[in-house]
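Everything numeric in this text was worked out from a predicted model, so none of it was measured.
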Amino acid sequence: MTTLRQADLVYRAEDVLGRPFVFHLEFQSERSRTVMGLRMAGYHIRLLEQYGLPVCGAVLYLQPGADAGDTGRFESVCPRGLGIQLSYQVIRLWEQDGLALLREGLIGLYPLLRLTELGEPPDVGLQQVVSRIRQVEDSDLRQDMLFGFEALAGLRFGRELLEAIIRREEIVESPLLKEIYQKGREEGLEKGLEEGMGLGSASAMRMAILRFLAARFKLALRTRKALEMRLARIESVTALEELVTATARVTSVAEFTAALDELEAEE
């Protein structure tokens, strides 16, 4: 059986002397089932075959434990000393100074800064990043960044803290969030779907919620079915919009279930 893998980010770049190379960046939020060095070796060989240029690679680890002792080196040497040797950069976000990166003004990094070291107390650093994101002039980009920052922050900080820092109305018009709704609509269309409801119908939003939870937490089939049955009982589009936002803020399936319990109790 053949296993197909797609590299996360691949760019053609040049060094200061104008020499071209391929830059490959891999994001990793949990421990790789396959040894990361072996994966990187596979990526590098395929990229070298495709582009015929030197490959410079890096793995960006998002959470402690995901790195699993990755040293950034891979070797496969036969008894006669021949084989493969590969090195790549290992970046552990939680070891990076988030506020120093913020001062650099590289806006593409802003959504990732929640995963860096922001000092204590955590709400102060979070406020500084959110304040900087709010200064982004492009409204679509700004809302996408707030949504992305909140989704990643939910892996580490509680829902109450995030709700106090980022207002719900700041992200509901995010093009990225709308795309999630759209994908849910495309995959969940069925007879009787309501039309013209702004971000999407109730059925589409239920599908989006399940897709987003599955992407974040790798839902077991039994858990997905149980959530699907509970969501099917919710008809209010407003309530479902609240749950969509909750999927970005919760840190576990249990926390999402608690939010669902609260919502059902209010109805």
Check whether any side-chain heavy atom of Asp97 sits under 4.5 Å from a side-chain heavy atom of Thr116, and report yes or no.
no
Do Met40 and Phe74 come close enough that some side-chain heavy atom pair is under 4.5 Å?
no
Would you say Asp67 and Trp94 make side-chain contact, with heavy atoms under 4.5 Å?
yes
Hey, are the side chains of Thr257 and Arg230 touching, using non-hydrogen atoms and a 4.5 Å cut-off?
yes
Write down the atom of Leu231, the atom of Ile209, and the distance for their closest heavy-atom approach.
CD1-CG2, 3.9 Å
For the CZ atom of Phe23 and the CD atom of Gln89, what is their distance to the nearest 0.5 Å?
7.5 Å
Connected via hydrophobic side-chain network under 4.5 Å: Val35 and Tyr61
yes
Please tell me whether Ile45 and Leu47 are part of a single hydrophobic cluster in this structure, the criterion being side-chain heavy atoms less than 4.5 Å apart.
no
Tell me the closest heavy-atom pair linking Arg12 and Pro20, and the distance in Å.
NH2-CB, 3.3 Å
Side-chain donor or acceptor of Arg132 paired with backbone N/O of Leu102 under 3.5 Å
yes
So, for Arg73 and Ser87, which heavy atoms are closest and what is the spacing to 0.1 Å?
NH1-CB, 4.1 Å
Does atom CZ of Arg33 have more than 12 heavy-atom neighbours, drawn from other residues, nucleotides or ligands, at distances under 6.0 Å?
no
In the structure I gave you, are the side-chain heavy atoms of Leu93 and Leu60 within less than 4.5 Å of one another anywhere?
yes
Will you find, in the side chains of Asp70 and Tyr88, an N or O donor that is under 3.5 Å from an N or O acceptor?
yes
May I ask whether Leu53 and Leu25 are part of the same hydrophobic cluster, defined by side-chain heavy atoms of I, L, V, M, F, W, Y residues being less than 4.5 angstrom apart, directly or through others?
no
A side-chain contact here means heavy atoms from C-beta on lying under 4.5 Å apart; do Val10 and Val22 qualify?
yes
What's the shortest heavy-atom distance between Cys56 and Phe21, and which atoms?
SG-CD1, 3.8 Å
Connected via hydrophobic side-chain network under 4.5 Å: Ile91 and Leu112:
yes
Are any side-chain N or O atoms of Gln85 and backbone N or O atoms of Glu75, one a donor and one an acceptor, separated by less than 3.5 Å?
no
Between OH of Tyr51 and NE2 of His24, what distance do you get to the nearest 0.5 Å?
11.0 Å
Let me confirm one number: the CG-CZ distance from Leu213 to Arg224, rounded to the nearest 0.5 Å.
9.0 Å
Separation of Leu113 CG from Ile107 CD1 (nearest 0.5 Å)
12.0 Å
From Arg103 CZ over to Gln128 CD, what is the distance, rounded to the nearest 0.5 angstrom?
8.5 Å
Is the closest side-chain heavy-atom distance between Phe27 and Leu9 below 4.5 Å?
yes
Can you find a heavy atom in the side chain of Leu260 that is under 4.5 Å from one in the side chain of Leu243?
yes
So which atom in Leu48 and which in Val55 form the shortest heavy-atom distance, rounded to 0.1 Å?
N-CG2, 4.0 Å
Starting at CG of Leu86, measure out to OH of Tyr43 and round the result to the nearest 0.5 Å.
13.0 Å
Closest approach of Arg39 to Ser32 (non-hydrogen atoms, all atoms of both residues)
NH1-OG, 3.1 Å
Verify same cluster id: Leu106, Leu141 (apolar side-chain graph, 4.5 Å)
yes
